[in-house]
Amino acid sequence: MSVRVRIAPSPTGDPHVGTAYVALFNAALARQRGGQFVLRIEATDRGRYVANSEQQIFDTLHWLGLDWDEGPDKGGPRGPYRQSERLPLYQAAARQLVELGYAYYCWCTPERLEEMRAEQMRNKRPPGYDRQCLGLTRDERARLPGFDDSPVIRMRVPDRDVPLTFDDMIRGPTNAPMPDDQVILKKDGYPTYHLAVVVDDHEMGITHVLRAEEWISSMPKQLLLYQFFGWQPPAFAHLPLLRNPDRSKISKRKNPAARLLWFQEEGFLPEALVNFLALQGWSMSDGREIFSFDDVVANFDVERFSLVGPIFDVDKLDWMNGEYIQRLSDAEFLDRAQAFLPGPGQESALRLLAPHLKTRVKRLKEVCDQVEFLYQGKLDLERDLLHKQGSAGGSPSALDALLAAEAALDHVAADGFSESAVEAALHAEQAKREWKPRPFLMPIRVAISGKTQTPPLFPMLAALGRERTLVRLRDAIALLSEPD
Ligand code: GLU
């Protein structure tokens with residue numbers, strides 16, 4: 001049997017990290033089995049629809065290298081792939097269930113449903129629709145209070161033999177709660193999620209549904225719908241939920257990492273994020289931590305999911321991203337870092353710094369701060385900060401250090417102003433004066449960058465070049481020489 005899997009993200013805002021997580025394993029299963037991976041846009045909730053969200057879903061998944069075979073942007077034999085373009089299908093399906101006696105019209109107003117719920121709460125009765133409309137014609141119902149002219153359609157949950165247990169590919173036999181008579185078609189002619197997902201998975205020939213754990217409770221409703229229609233359900237695997245450090249479901253409100261765009265904004269490499277996501281509740285049989293999407297494809301097995309919801313550990317992701325960054329060639333690194341640079345130009349300086357930056361940054365965003373000194377004109381130095389870098393009470397003072405550095409570097413020719421030449425010149429000066437390295441070198445670092453945390457000093461000087469280095473040293477000397 002050929003495998004067909006899908007993801008069905010809702011375009012309700014910028015994409016959630018869970019969409020990438022679920023997409024990753026669906027894509028891996030499809031690739032491994034030579035099947036198809038379908039992207040379906042699930043927009044049944046018009047109130048929550050966000051116009052550019054669909055494009056962001058496409059873009060972020062492409063950024064991660066997770067591509068689909070059929071979808072709204074690609075077409076395919078089982079389209080259309082946007083639920084908003086499939087309304088007649090759901091409407092026909094809902095009417096068919098009414099005709100078969102598996103569903104019924106409900107004309108209750110929102111106010112009546114609200115009162116019913118309040119009453120159930122007061123009497124500590126289980127919540128659920130009280131079947132006021134079941135078995136009534138429109139005219140019969142219209143004579144009762146709380147009547148709304150445009151009806152919804154509800155599925156009729158049988159009193160017995162509801163499938164409350166199902167066989168999950170990861171969890172084995174799994175229980176879910178008894179549903180009430182769910183709305184399947186809304187007043188506006190849109191389906192609810194439960195009807196749409198069943199109709200679409202069936203119509204699109206989906207064989208395996210890999211989705212988040214939070215949908216387990218929907219299984220009885222969805223399995224009932226499959227029974228009503230007389231369709232064979234796909235196999236189901238409910239993946240563990242990604243969790244915040246407090247173990248709650250990862251959410252945009254509590255955790256910036258819930259937003260997929262956040263990883264782009266911070267400068268995580270897509271291949272590092274894919275690797276990290278693959279380790280959330282899943283693992284390689286050999287316990288390897290660094291691996292590619294192709295490795296997931298080669299080794300994917302649903303049995304290797306753990307049932308404990310993984311805590312989304314951004315520190316670990318930082319470590320992993322650092323590992324991936326270090327493995328890039330210098331040219332590749334600079335190419336990836338391009339979007340995070342303070343401005344254009346400085347190519348040769350950046351090439352000199354690249355090997356040092358690669359080992360220092362965990363996120364590409366940090367590159368900006370590290371190379372800012374290359375893009376600045378005259379620095380706005382803090383006199384106190386500069387002063388503090390010299391030896392307190394001893395030798396050299398910051399001013400002595402800068403005077404000595406300026407004289408030493410003035411002797412290095414502009415075309416030989418290399419990392420090793422400046423290092424040799426400064427070391428000779430330091431040795432001659434018998435100074436400790438720190439009070440000698442730190443004032444230089446601050447004088448050329450305005451910062452105490454920077455890449456290593458000698459490549460920075462070489463990257464800045466002779467002329468700009470001397471100007472900055474002289475500016476700093478002038479600042480320290482001003483009367484208090
Ligand atoms: N729209 C649902 C989601 O975004 C799809 C759930 C499912 O895969 O059935 O999670």
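This structure is a prediction, so every number in the text was calculated from the model and none was measured. Indexing begins at 1, ligand by ligand and atom by atom, following the structure's order.
With sequence neighbours left out, R33 forms a salt bridge (charged side-chain N to carboxylate O under 4.0 Å, His left out) with no residue at all.
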Name the atoms and distances for all side-chain donor-acceptor pairs under 3.5 Å in residues 155-163, with sequence neighbours left out.
from, atom 1, to, atom 2, distance (Å)
D159, OD1, R131, NH1, 3.3

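For an aromatic pair to be called close, the ring centres must be under 6.0 Å apart, and F229 with Y102 fails this. Between H238 and F305, the ring center distance fails the sub-6.0 Å criterion.
Within 4.0 Å of ligand 1, counting heavy atoms only, the contacting residues are R6, A8, P9, S10, E42, Y193, V197, R211, W215.
Among residue pairs with one or both ends in residues 341-357, those qualifying as side-chain hydrogen bond (donor to acceptor under 3.5 Å, both in side chains) are Q346-R468; sequence neighbours excluded.
Side chain to side chain, Y324 and N275 meet the donor-acceptor criterion of an N or O pair below 3.5 Å.
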